[in-house]
Amino acid sequence: MATSIKISLNGLDMVIDAVPLELEAFKPFGDAVANPQPNLHPAMAAKANDTAGMPFDAIVANQGTAIKYQHVSRIENLYDQAPSGRTGVAVSNMFTCASRALPRRLEAGVEREVFPVTVLERHPFTSQTFVPLRADPQSRYLVVVAPSLSPSAQDQQLPVPSSRPPGTIANRELPGRGLPDLKGLRAFIATTDQAVTYGAGTWHSPMVALGPADKAIDFFVFQFANEVSVEDCQEVLFGPSTVTVRLQPQSRASKL
């Protein structure tokens with residue numbers, strides 16, 4: 001159960017284009033995860049016993065049958081800062097997400113799918129990782145994220161952590177308390193050989209699976225939770241949407 005706030009967009013009318021999911025572009029919001037060297041068979045590295053210069057401090061593992069890429073995503077549990085004092089515990093769920101029927105818009109003679117953004121949510125004290133379980137090159141999903149505005153009276157009842165513990169593997173600041181900055185909204189197209197981790201406190205859309213109406217994508221989802229609604233999930237509802245994500249015709253996500 002989420003704690004929700006309804007806000008007015010005050011005449012904001014914007015359209016953004018979805019782009020392929022890439023590691024660097026997604027870093028301000030969390031982590032995009034995929035095999036960084038999909039054409040390298042583990043046996044090749046194991047035979048040479050040489051992973052020097054490989055990404056993520058890679059090492060040979062599993063008796064020489066695997067390459068272990070280390071710390072590919074930051075898993076965050078900041079519930080020790082939650083006002084309730086209730087501990088966050090690890091939870092894993094499966095989301096089976098039906099493909100959404102998206103409206104289409106004709107622009108310059110080209111028909112394009114569009115996604116109206118009506119709600120964003122965040123999990124202030126935990127990261128949230130979505131791992132698709134279907135290796136289907138035709139399946140895609142839409143990832144919509146936004147930075148936070150400065151704190152205001154509208155969000156003063158929404159608790160957030162103030163810092164990460166020492167030694168945390170992280171290269172971005174916590175987003176803070178503010179409502180989503182819609183002018184900074186970004187949208188990415190991911191394939192099912194890519195996973196995403198939303199950093200703690202990152203505003204994001206609920207999952208949007210793309211494709212034919214009779215299709216679905218299964219996601220393994222890992223996060224922490226303490227069953228205090230305002231600490232587990234916070235939502236902002238926009239009402240009638242004037243914020244729209246535009247998909248490219250035949251859009252495909254690139255490899256990381």
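The basis for the numbers below is simple: all heavy atoms, side chains too, and nothing from hydrogens, waters or symmetry mates.
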For Gln157 and Ile5, what are the C-alpha separation, side-chain angles and deciding distance, and is it a side chain to side chain contact (heavy atoms under 4.5 Å, CB included)? CA-CA 10 Å; Gln157 78 276 29; Ile5 294 177; 3.7 Å; yes
Shortest non-hydrogen separation from [X] to [Y] and the atoms involved:
X	Y	value
Pro159	Phe125	O-CE1, 3.8 Å
Ala66	Pro42	CA-CB, 3.8 Å
Val114	Leu102	O-CB, 3.5 Å
Pro161	Leu174	O-CD1, 4.0 Å
Ser127	Gln223	O-CB, 3.3 Å
Ala82	Asn226	CB-ND2, 4.3 Å

Tell me whether Arg86 contacts the main-chain N or O of Ala225 through its side chain, where contact means a donor paired with an acceptor under 3.5 Å.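 Answer holds: no.
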Please confirm whether the backbone N or O of Ser152 pairs with a side-chain atom of Arg177, one donor and one acceptor, at under 3.5 Å?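 Yes; at least one donor-acceptor contact below 3.5 Å.
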Take Phe26 and Val145 through the test side chain to side chain contact (heavy atoms under 4.5 Å, CB included) and record every step on the way to the result. CA-CA 9 Å; Phe26 195 70; Val145 287; 4.0 Å; yes
Which label fits Tyr198 and His204: parallel for a plane angle under 30°, tilted from 30 to 60°, or perpendicular past 60°?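 Tyr198 vs His204 ring planes: parallel.
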Which distance, rounded to the nearest 0.5 Å, do you find between the [atom1] of [X] and the [atom2] of [Y]?
X	Y	atom1	atom2	value
Glu235	Cys233	CD	SG	5.5 Å
Cys97	Lys215	SG	NZ	16.0 Å
Met14	Leu182	CE	CG	6.5 Å
Asp155	Ser148	CG	OG	8.5 Å
His123	Thr202	NE2	OG1	10.0 Å
Ile217	Thr191	CD1	OG1	9.5 Å

Can you check whether [X] reaches [Y] side chain to side chain, under 4.5 Å on heavy atoms?
X	Y	value
Val236	Glu121	no
Phe222	Ile75	yes
Pro103	Glu113	no
Thr129	Val221	no
Asn77	Thr126	no
Val119	Pro206	yes

Given the rule in the side chain to side chain contact (heavy atoms under 4.5 Å, CB included) test, do Leu185 and Leu120 qualify, once you have shown the distances and angles that lead to the verdict? CA-CA 10 Å; Leu185 196 81; Leu120 292 175; 4.0 Å; yes
Does atom CG of Asn93 have more than 12 heavy-atom neighbours from other groups under 6.0 Å away?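 Yes.
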For Gln81 and Ser162, does a side-chain donor sit closer than 3.5 Å to a side-chain acceptor?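 Checked: Gln81/Ser162 side chains pair up, N/O donor to acceptor below 3.5 Å.
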Just by distance, no angles: are the side chains of Asp31 and Ser73 close enough, under 3.5 Å, to form a donor-acceptor pair?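 Yes, because at least one side-chain N or O of Asp31 sits under 3.5 Å from a partner of the opposite role on Ser73.
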Kindly say whether the aromatic ring centers of Phe224 and Tyr79 come within a distance under 6.0 Å.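 No, the ring of Phe224 stays outside the 6.0 Å limit from the ring of Tyr79, centre to centre.
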Output field: ring centroids Phe130/Tyr141 closer than 6.0 Å: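 No.
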Would Phe219 and Leu133 count as a side chain to side chain contact (heavy atoms under 4.5 Å, CB included) if you check the C-alpha gap in whole Å, the side-chain angles of each, and the deciding distance to 0.1 Å? CA-CA 6 Å; Phe219 292 92; Leu133 299 179; over 6 Å; no
Any Lys/Arg nitrogen of Asp17 or Arg112 sitting under 4.0 Å from an Asp/Glu carboxylate oxygen of the other?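 Looking at Asp17 and Arg112, the cut-off is met.
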Residue among Val110, Val15, Leu247 satisfying side-chain contact (heavy atoms from CB on, under 4.5 Å) with Arg105: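 Single pass found, and it is Val15.
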